[in-house]
Amino acid sequence: MLRIRYSVLSTQYSALSTQHSLRYTSRSVMQYDPRDIESKWQQRWAEERVAEVDVTAPGDKFYMLNMFPYPSGDLHVGHGRNYILGDALYRFFRMQGRVALNPMGWDAFGLPAENAAIKRGIHPREWTVGNIGRMKAQFKRWGILYDWSKELASCNPDYYRWNQWLFLMLYKRGLAYRGKAPVNWCPSDHTVLANEQVVDGRCERCGSEVVQKELEQWFFKITDYADRLDESLDGLEEWPEKVKLMQRNWIGRSVGADVDFEVPALGKPLRIFTTRPDTIYGATFMVMAPEHPAVATLIADNPQRSEIEAWIEGVKNQSALERQEAGKEGRFTGRTAINPFTNEHIPIWLGNFVLMQYGTGAIMAVPGHDQRDFEFARQYGLSIRVVVTPQGERAPAPADMAEAFVVKDESAVSVESGSISGLATPKAIEKILDEIEQRGIGRKMVRYRLRDWLISRQRYWGTPIPIIYCDHCGIVPVPDSQLPVTLPLDVPFTGREGNPLAKDPRFVNTTCPRCGAAARRETDTMDTFVDSSWYYCRFITPHDDRKIFDSYLVNRWLPVDQYIGGIEHAILHLLYARFITKTLFDMGLVEFEEPFTRLFNQGVITKEGYRDPNDNFSWVPLGEVELRGGKPVRKGSGAELMAEVGKMSKSRFNVVPPDELIERYGADTERVYTLFIAPPDQEAAWSDEGVIGAWRFLGRVWNLGQELLEMRNAHQAGAATVSPDRMIRKMHQTIDAVTARMHRFQFNTVISALMELSNSIGDYVSAGGHDTVRMTEAYSTLLKLLHPFAPHITEEMWSLLGNRELILVSSWPVADLALMQEDAVTIAVQVNGKLRGQVEVPAPPVEEAVFAAVGSNDKVQQWISGKQVVKKIYVPGKLVNLVVK
RNA sequence: GCGAAAGUGGCGGAAUUGGCAGACGCGCUGGACUUAGGAUCCAGUGGCCCAAAGCCGUGCGGGUUCGAGUCCCGCCUUUCGCACCA
């Protein structure tokens with residue numbers, strides 16, 4: 001409700017008030033001001049190159065990796081979550097004694113850079129480099145440690161030449177091929193558009209109607225790896241189930257059969273794929289995709305041929321979405337096929353709902369049991385037959401059916417199906433498959449939804465595909481010695497007429513490496529997912545100009561121990577990376593088949609934005625929002641606004657930039673708040689007031705340290721009046737809890753545990769405790785445990801305590817189990833399951849002592865007096881439940 | 001339509017194997033220090049009730065159990081993914 005207050009008024013209060021520090025200056029204690037502290041430690045970490053790893057040095061390696069980002073420009077606090085989380089883990093594993101590698105690079109090719117060039121006349125390279133500089137500075141301001149000596153950017157020739165090398169390796173192994181594929185084509189811009197660039201069937205940029213066009217494109221044959229990609233998901237035990245499921249669905253493995261149907265008019269059979277061969281007695285017609293190669297022959301003599309052809313053309317020009325929205329449509333070819341089991345002549349139709357890309361592009365239609373076939377049959381008056389029913393049930397009459405009779409029950413049985421009649425579905429499938437194979441008309445078949453990976457992009461800002469077209473020799477790969485094929489930098493960006501590369505004769509014209517004749521270069525560039533499918537290997541030896549990577553070292557450092565990134569990459573990036581890793585394995589370059597041992601997807605950070613119902617529900621900039629009576633209204637018009645929580649984006653005006661926040665509270669506060677806000681895999685709503693909690697916590701940690709230093713200087717003598725045992729016990733309990741939770745990514749509860757420890761030390765001090773040795777022990781432990789989250793303040797206090805080494809290189813504390821034990825245990829006492837009292841017994845709790853205490857507890861006795869205790873339940877160390885009648 | 005996940009105070013969230021629901025923090029209320037407070041510190045804060053005692057309380061309805069936020073069955077809601085894949 002008051003959420004916009006901070007943004008609206010922040011300039012007025014952005015400076016830390018000088019009065020604020022009065023309380024402490026009067027006691028000559030330093031006030032916590034993160035500004036100087038943070039830049040000081042960032043500088044020291046950089047100077048000492050603390051994050052640089054010698055990959056040949058021995059040690060227990062830990063490869064930690066955040067998905068390398070696209071350098072789009074400024075980062076907001078939502079992006080920060082991802083990197084802060086990674087940095088916290090990195091520091092933790094390091095303090096635990098691992099040799100931790102945490103590299104960073106840039107997924108630097110891609111469309112936005114090119115669009116910026118067209119719009120603003122800046123070269124994509126210049127735009128990209130500028131953004132990289134800003135993002136790098138932002139990472140440093142957040143206190144994030146990366147091994148910058150291993151930085152790489154995919155747009156540099158020394159990186160993308162290995163993309164080209166990899167392409168050629170795949171080409172040699174038959175895994176890169178050229179084929180025709182339908183693409184979204186904008187006729188006025190003369191360019192191919194990605195699906196996201198097509199809005200309501202029109203070009204996002206110029207508004208022209210997009211058409212489907214068949215173009216020659218390069219593909220990677222990922223389908224060859226479909227079964228391996230599916231099967232080895234099982235071994236990825238430390239991946240989120242959700243991601244594995246998404247990948248599984250995407251691969252879409254299904255087991256069925258290919259069956260040939262004789263077509264007299266064709267002179268050869270029509271092959272179909274079905275997952276339910278047991279329903280073949282119910283196949284009353286066939287449907288082919290309009291693009292099916294046999295269509296021309298089938299309709300050659302059809303009197304309606306020209307009408308059918310026009311219809312086919314129309315369907316081909318539709319986008320996938322339009323095609324689906326059109327509903328089911330078809331045309332009769334005029335020909336029939338013979339159902340190999342019923343021996344009936346069944347009509348062959350063309351249907352817009354049958355896809356050429358899946359299976360064989362033709363189906364046997366079983367309208368009795370498939371909803372799609374049913375709808376088609378009803379629409380065109382085709383016959384329907386029921387051949388499977390649940391055990392003991394009668395089949396419905398086709399005329400009465402409102403929908404297909406889909407029976408998934410395994411105990412369902414086949415009916416009116418010849419030799420398989422009476423068999424339960426699994427048996428029926430088995431038997432019919434045997435018959436199909438014996439008769440030689442088909443066989444068991446596994447098929448995948450996964451399609452080959454189309455890597456061609458008709459774009460400038462990407463890796464040139466290293467291929468040359470020669471009139472004499474055909475397709476000729478660029479020889480290794482001529483790599484890299486570099487992008488010419490001085491090309492004009494008009495935004496029209498497609499790829500600037502194709503317009504540049506210096507780039508296009510070359511000579512054939514085989515025969516020396518004049519030849520043309522391929523002008524398509526690679527999908528940027530190629531760049532990101534192997535970069536994690538390159539980080540080990542990023543500057544090697546003789547090979548893609550060093551197999552020995554890569555085998556030592558990979559697979560990546562912890563990979564962190566957004567769920568948006570659950571399918572494509574991770575699938576492509578897994579695929580490329582398997583090809584590298586097959587080439588003998590690596591010894592592992594899966595690149596990422598443990599995967600973590602952080603949740604997005606959301607924030608409310610405001611819409612104006614009187615202005616078409618458009619988003620309102622924060623500067624135009626004010627609060628009246630607790631309700632957001634638009635300045636000027638006074639219109640009441642609707643708050644809507646969503647992902648941070650410029651168009652919603654709900655982005656929180658970190659600069660202002662860091663200036664006011666420091667990066668440590670942002671880091672602590674970001675990890676405290678919610679479990680890291682969960683969506684979290686950013687709240688400007690919530691930040692205060694983290695700020696106060698760090699302020700208390702600071703002040704505790706100052707008090708400790710003061711106490712040490714004062715050399716307070718005299719007998720201790722308060723025992724530090726409680727504090728020390730809390731310290732050991734905290735070490736134990738925090739360590740376990742760090743491994744489980746429960747950062748929000750780690751921070752709450754640290755707040756409790758800090759409060760416990762505070763309690764000791766305010767009770768008059770002044771044992772500086774024990775306090776130093778507890779406080780230093782707090783600093784170490786807090787270091788992954790608040791690295792700057794902890795380094796500062798650590799050094800003020802007199803430590804010369806960085807806290808980063810100190811070792812993670814270890815809990816003493818004996819010192820964790822409480823002297824007394826509180827046991828809850830229930831009567832008939834309701835809490836009626838508590839008793840305290842000395843630790844460790846002994847059952848007899850507990851019941852003795854219960855017996856002398858007045859409150860509990862009141863509840864059981866006059867009643868008979870029929871059962872006593874004791875949960876050791878926790879609870880007693882008395883069951884009474 | 002299919003698949004998955006999640007529903008706990010005013011808010012973010014906590015609660016190893018079923019065992020004291022609401023840790024920690026925000027906000028709010030009261031107080032302290034103050035010319036001032038949107039700084040800092042202290043106390044309180046699930047609901048009903050003046051208070052205590054007590055009762056109620058983890059989306060809804062059942063069930064298992066001495067005992068259910070947690071397990072089982074049936075609903076509802078929200079979010080995400082896939083979506084003519086034969």
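Chain letters run A, B, ... following the sequence lines, proteins first and then strands; every chain starts at 1. Only this structure's heavy atoms are used, side chains among them; waters, hydrogens and symmetry mates stay out. Remember, predicted model here, so these are calculated numbers, not experimental data.
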Trainee: Answer yes or no: side-chain N or O of A/E756 and base N or O of B/C24 forming a donor-acceptor pair under 3.5 Å.
Mentor: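 No.
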
Trainee: Can you identify which nucleotide, out of B/G27, B/A14, B/U40, has its nearest atom closest to the A/W695 side chain?
Mentor: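 Shortest atom-to-atom distance from the side chain points to B/U40.
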
Trainee: Taking the same atom, P, in B/G47 and in B/C11, what whole-Å distance lies between them?
Mentor: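 Approximately 12 Å lies between the P atom of B/G47 and that of B/C11.
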
Trainee: Is the distance from OP1 or OP2 of B/G81 to the nearest side-chain N or O of A/N249 less than 4.0 Å?
Mentor: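 Checking B/G81 against A/N249, no side-chain N or O comes under 4.0 Å of OP1 or OP2.
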
Trainee: Indicate whether OP1 or OP2 belonging to B/A15 is found under 4.0 Å from a side-chain N or O atom of A/R741.
Mentor: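 False: A/R741 side-chain N/O out of range (4.0 Å or more) of B/A15 OP1/OP2.
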
Trainee: Does B/G57 pair with anything, Watson-Crick or G-U wobble, both distances under 3.5 Å, and if so, with which nucleotide?
Mentor: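 The base-pairing partner of B/G57, which may sit in any strand shown, does not exist here.
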
Trainee: Give none if B/G81 has no partner; otherwise give the nucleotide forming a Watson-Crick or G-U wobble pair with it, both distances under 3.5 Å.
Mentor: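 Paired with B/G81, as far as the under-3.5 Å criterion goes, is B/C2.
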
Trainee: Expressed in whole Å, how much space separates the P atoms belonging to B/G38 and B/U29?
Mentor: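 Taking atom P in both B/G38 and B/U29, they lie 10 Å apart.
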
Trainee: Of the options B/A21, B/A86, B/G19, whose atoms approach the side-chain atoms of A/L835 most closely?
Mentor: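 Within the option list, the nearest is B/A21.
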
Trainee: With rounding to the closest Å, how many angstrom separate the C1' atoms on B/U16 and B/C26?
Mentor: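 Those two atoms are separated by 28 Å.
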
Trainee: By nearest atom, which of the nucleotides B/G12, B/A86, B/G13 is closest to the A/V354 side chain?
Mentor: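 Looking only at side-chain atoms, A/V354 lies closest to B/A86.
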
Trainee: Tell me whether the side-chain N/O atoms of A/K607 come closer than 4.0 Å to OP1 or OP2 in B/G12.
Mentor: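 For A/K607, the contact criterion (side-chain N or O under 4.0 Å from OP1 or OP2 of B/G12) is not met.
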
Trainee: Base, sugar-phosphate, or nothing: which does A/R323 touch, judged by heavy atoms less than 4.0 Å apart?
Mentor: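 It contacts base atoms.
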
Trainee: Could you check which nucleotide pairs with B/U45 in any of the strands shown, counting Watson-Crick or G-U wobble with both distances under 3.5 Å?
Mentor: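 For B/U45, the partner nucleotide comes out as B/G27, under the 3.5 Å rule.
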
Trainee: Here's a test of your reading of the structure: between A/R836 and A/A678, which maps to the more 5' nucleotide of RNA chain B?
Mentor: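 The 5'-side residue here is A/A678.
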
Trainee: Work out how far the C1' atom of B/A14 is from that of B/A21, and round it to whole angstrom.
Mentor: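 So the two C1' atoms sit 10 Å from each other.
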
Trainee: How long is the line joining NZ of A/K834 and P of B/C55, in whole Å?
Mentor: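 So the two atoms are 6 Å apart, to the nearest Å.
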
Trainee: Looking only at side-chain N and O atoms, does A/E375 offer a donor or acceptor that is under 3.5 Å from a partner on A/Q371?
Mentor: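 Yes, A/E375 and A/Q371 have a side-chain donor paired with an acceptor closer than 3.5 Å.
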
Trainee: B/U16, B/C26, B/G25: which one has an atom nearest the side-chain heavy atoms of A/M755?
Mentor: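 Given the options B/U16, B/C26, B/G25, the side chain of A/M755 is closest to B/G25.
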
Trainee: Applying a 3.5 Å limit to both distances, which nucleotide forms a Watson-Crick or G-U wobble pair with B/U70?
Mentor: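 No nucleotide pairs with B/U70.
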
Trainee: Phosphate oxygens OP1/OP2 of B/G19: is one of them under 4.0 Å from a side-chain N or O of A/Q830?
Mentor: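 Checking A/Q830 against B/G19: no side-chain N or O falls below 4.0 Å of OP1 or OP2.
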
Trainee: Which one is paired to B/U64, where only Watson-Crick or G-U wobble pairs with both distances under 3.5 angstrom count?
Mentor: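 Across all strands, not a single nucleotide pairs with B/U64.
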
Trainee: Please compare A/N352 and A/Q746 by the position of their nearest nucleotide in RNA chain B and report the one closer to 5'.
Mentor: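 Its nearest nucleotide being more 5', the pick is A/Q746.
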
Trainee: So, is A/R696 near the phosphate of B/A39, with a side-chain N or O under 4.0 Å from OP1 or OP2?
Mentor: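 Answer is yes, contact under 4.0 Å.
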
Trainee: OP1, OP2 of B/A4 versus side-chain N and O of A/K242: anything below 4.0 Å?
Mentor: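 No, because none of the side-chain N or O atoms of A/K242 sits under 4.0 Å from OP1 or OP2 of B/A4.
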
Trainee: Rounded to whole angstrom, note down the P distance from B/C24 over to B/C75.
Mentor: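 Roughly 40 Å separates the two P atoms.
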
Trainee: Could you tell me how far apart A/L879 (CG) and B/U17 (P) are, to the nearest whole angstrom?
Mentor: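 The answer, rounded to whole Å, is 17 Å.
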
Trainee: Identify which nucleotide among B/G25, B/G3, B/U40 has an atom closest to any side-chain atom of A/R700, counting heavy atoms from C-beta outward.
Mentor: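 Closest of the options to the side chain of A/R700: B/G25.
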
Trainee: Does the side chain of A/W250 reach to within under 4.5 Å of the side chain of A/L229, using non-hydrogen atoms?
Mentor: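 With C-beta onward as the side chain, the pair stays apart.
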
Trainee: Can you find a side chain N or O atom of A/R449 that sits less than 4.0 Å from OP1 or OP2 on B/A83?
Mentor: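 True: A/R449 side-chain N/O within range (under 4.0 Å) of B/A83 OP1/OP2.
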
Trainee: Just call it for A/I873: base, sugar-phosphate, or nothing, with non-hydrogen atoms closer than 4.0 Å on any strand.
Mentor: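 The residue A/I873 makes base contact.
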
Trainee: Taking the C1' atom in each of B/G13 and B/A6, what is the distance between them to the nearest angstrom?
Mentor: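 The answer is 14 Å between these two C1' atoms.
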
Trainee: If pairing requires Watson-Crick or G-U wobble contacts with both distances under 3.5 Å, which nucleotide is the partner of B/U17?
Mentor: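 When the pairing criteria are applied, nothing turns out to pair with B/U17, so the answer is none.
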
Trainee: Is the shortest side-chain N/O distance from A/S254 to OP1 or OP2 of B/A86 below 4.0 Å?
Mentor: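 Result: yes.
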
Trainee: On a whole-Å scale, what distance lies between the P atoms belonging to B/G46 and B/C2?
Mentor: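 That atom pair is separated by 43 Å.
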
Trainee: Would you kindly check whether a donor in the side chain of A/K328 faces an acceptor in the base of B/C84, or vice versa, at under 3.5 angstrom?
Mentor: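 Present.
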
Trainee: Looking at A/E241 and A/K244, is any side-chain nitrogen of the basic one under 4.0 Å from a carboxylate oxygen of the acidic one?
Mentor: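 Here A/K244 pairs with A/E241 in a salt bridge, since their nearest N and O are under 4.0 Å apart.
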
Trainee: Less than 4.0 angstrom between a side-chain N/O of A/N759 and OP1 or OP2 of B/G25, yes or no?
Mentor: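 True: A/N759 side-chain N/O within range (under 4.0 Å) of B/G25 OP1/OP2.
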
Trainee: Roughly how many Å apart are B/U78 and B/C60, using the C1' atom of each and rounding to a whole number?
Mentor: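 Result for the C1' pair: 15 Å, nearest Å.
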
